[in-house]
Amino acid sequence: MKVFVTGGAGYIGSICVEQLLNKGFEVVVFDNLTEGHRAAIDPRARLIEGDLRERACIASALAEVKPDAVMHFAANALVGESMQDPGKYFYNNVVGGQFLLDGMIAARVKRLVFSSTCATFGQPERVPIDESLPQNPINPYGESKLLFEKILRWYGEIHGLTYVALRYFNAAGASGTYGENHRVETHLIPNILKVALGQKSHVEIFGGDYDTPDGTCIRDYIHILDLAQAHLLALNAPASAFYNLGTGGGTSVKEVIECCRTITGREITVVESPRRPGDPARLIAGSDKIRRELGWAPQYQAIDKIISSAWEWHLAHPNGYGD
Ligand code: UDP
């Protein structure tokens, strides 16, 4: 089976590519390398350097490769940036995504696994967040992903596309070979580990006055290998579906920092800062549906396993992918 992976040079995409190859799939990566890294692409995969925003480029790549399925990771994914530049998010994530779908339909590729996000839910009225809750995004990033989910429903109904949208909670950790390296790092765990490595003087805690036991935000961190397992299962899903994907556990910012201190054995200086706009207090996944319907069974749920894997990767790659 041949899988065409958009954004296969990015953090989540690169690790899914590695896992697909380990399972014997043939993989073609389509990436413009603006966010991703050439060195993050498993050498067993073929790279087509291209841009989703160029309709002819993505259409001809799909027509030539004729994959059995597409995994679509390519997107901009920073909440804060989306609040400054919403047009970038709607153009890249929605318009670019639609060019991908049109190219798929023209090339008769009828199966898609899509990287969606819990940000499509906005401020949830309760946790855990299962698929029955209303989706009311509070930033253009979440809105752009929700718009693409809506487009998927119609392409499914009208063009017979079979899709699985996986709404990730907080992806974290590393495989043995590939890990998290954003050119501009905004995520909590890599930012803490940069302090442990001596590359940053301190980590900021964005808000200590939330309505949570220690006052800091609670998130559902999911190991990147468990996330990859869900993608492999989604490739063979019997029917189109939307799934929320997290472990169902919650860890506060302060607990993550404490765990990083224990695992690294290094000093980590923290500075308490104001809240970051758009951060809900608690985001915890209700993932019963994917466990029940696809048999998803996460193997690395404990936060210390997630952080240990990230730390090993950062120790081995102190300068990330070096580009
Ligand atoms: N956070 C923080 N300091 C940082 C980065 C993040 O306190 O340097 C907090 C952030 O406010 C959120 C949590 O850590 O409550 C996880 O943030 P991240 O950006 O990793 O993921 P998000 O939940 O925004 O997808």
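We count ligands from 1, going down the list as the structure has it; atoms in each ligand are counted the same way.
Nearest protein heavy-atom contact of atom 7 (O) of ligand 1 is Phe206 N, 2.9 Å. Here the protein heavy atom with the shortest distance to atom 15 (O) of ligand 1 is Cys217 CB, 3.0 Å. In this structure, the protein non-hydrogen atom closest to atom 22 (P) of ligand 1 is Asn170 ND2, 3.4 Å. Of all protein heavy atoms, the one closest to atom 11 (O) of ligand 1 is Asp279 OD2, 2.5 Å. Of the protein's heavy atoms, Val253 CG2, 3.8 Å lies nearest to atom 9 (C) of ligand 1.
Between Ile189 and ligand 1, not a single N/O pair is under 3.5 Å apart. Here's the thing with Arg219: one of its N/O atoms is less than 3.5 angstrom from an N/O atom of ligand 1.
Salt-bridge annotation for Glu185 and Lys194: absent, with no side-chain N of the basic residue lying under 4.0 Å from a carboxylate O of the acidic one. Asp42 has no carboxylate O lying under 4.0 Å from a charged side-chain N of Arg46, or vice versa, which leaves the two without a salt bridge. A salt bridge links Asp209 with Arg275: the distance from a Lys NZ or Arg NE/NH1/NH2 to an Asp or Glu carboxylate oxygen falls below 4.0 Å. Salt bridge status for Asp31 with Arg38: absent, with no side-chain N to carboxylate O gap under 4.0 Å.
A ring-centre distance under 6.0 Å is not found for Phe73 and Phe114. Taking the six-membered ring for Trp and the full ring otherwise, the centers of Tyr11 and His37 sit at least 6.0 Å from each other.
For ligand 1 and Ile205, the ligand atoms under 4.0 Å from any heavy atom of the residue are 7 (O). Listed by number with element, the atoms of ligand 1 under 4.0 angstrom from any heavy atom of Glu204 are 2 (C), 3 (N), 4 (C), 7 (O), 8 (O).
Put simply, part of Asn191 is less than 4.0 Å from ligand 1, judged by heavy atoms.
Residue contacts with ligand 1 for Tyr221 involve side-chain atoms from C-beta outward but no N, CA, C or O (heavy atoms, distance under 4.0 Å). Residue contacts with ligand 1, taken as heavy atom pairs separated by less than 4.0 Å, involve Leu188 via backbone and side-chain atoms alike. By the criterion of a heavy-atom distance under 4.0 Å, the backbone of Thr186, and not its side chain, is placed next to ligand 1. Under 4.0 angstrom from ligand 1, the non-hydrogen atoms of Arg276 all belong to its side chain.
In this structure, His317 and Trp313 have parallel ring planes: the angle between them is below the 30° cut-off, well short of the 60° mark.
With hydrogens and angles left out, the side-chain atoms of Tyr141 and Glu81 include no donor and acceptor closer than 3.5 Å.
Other residues, nucleotides and ligands contribute only 12 or fewer heavy atoms inside 6.0 Å of the NZ atom of Lys23.
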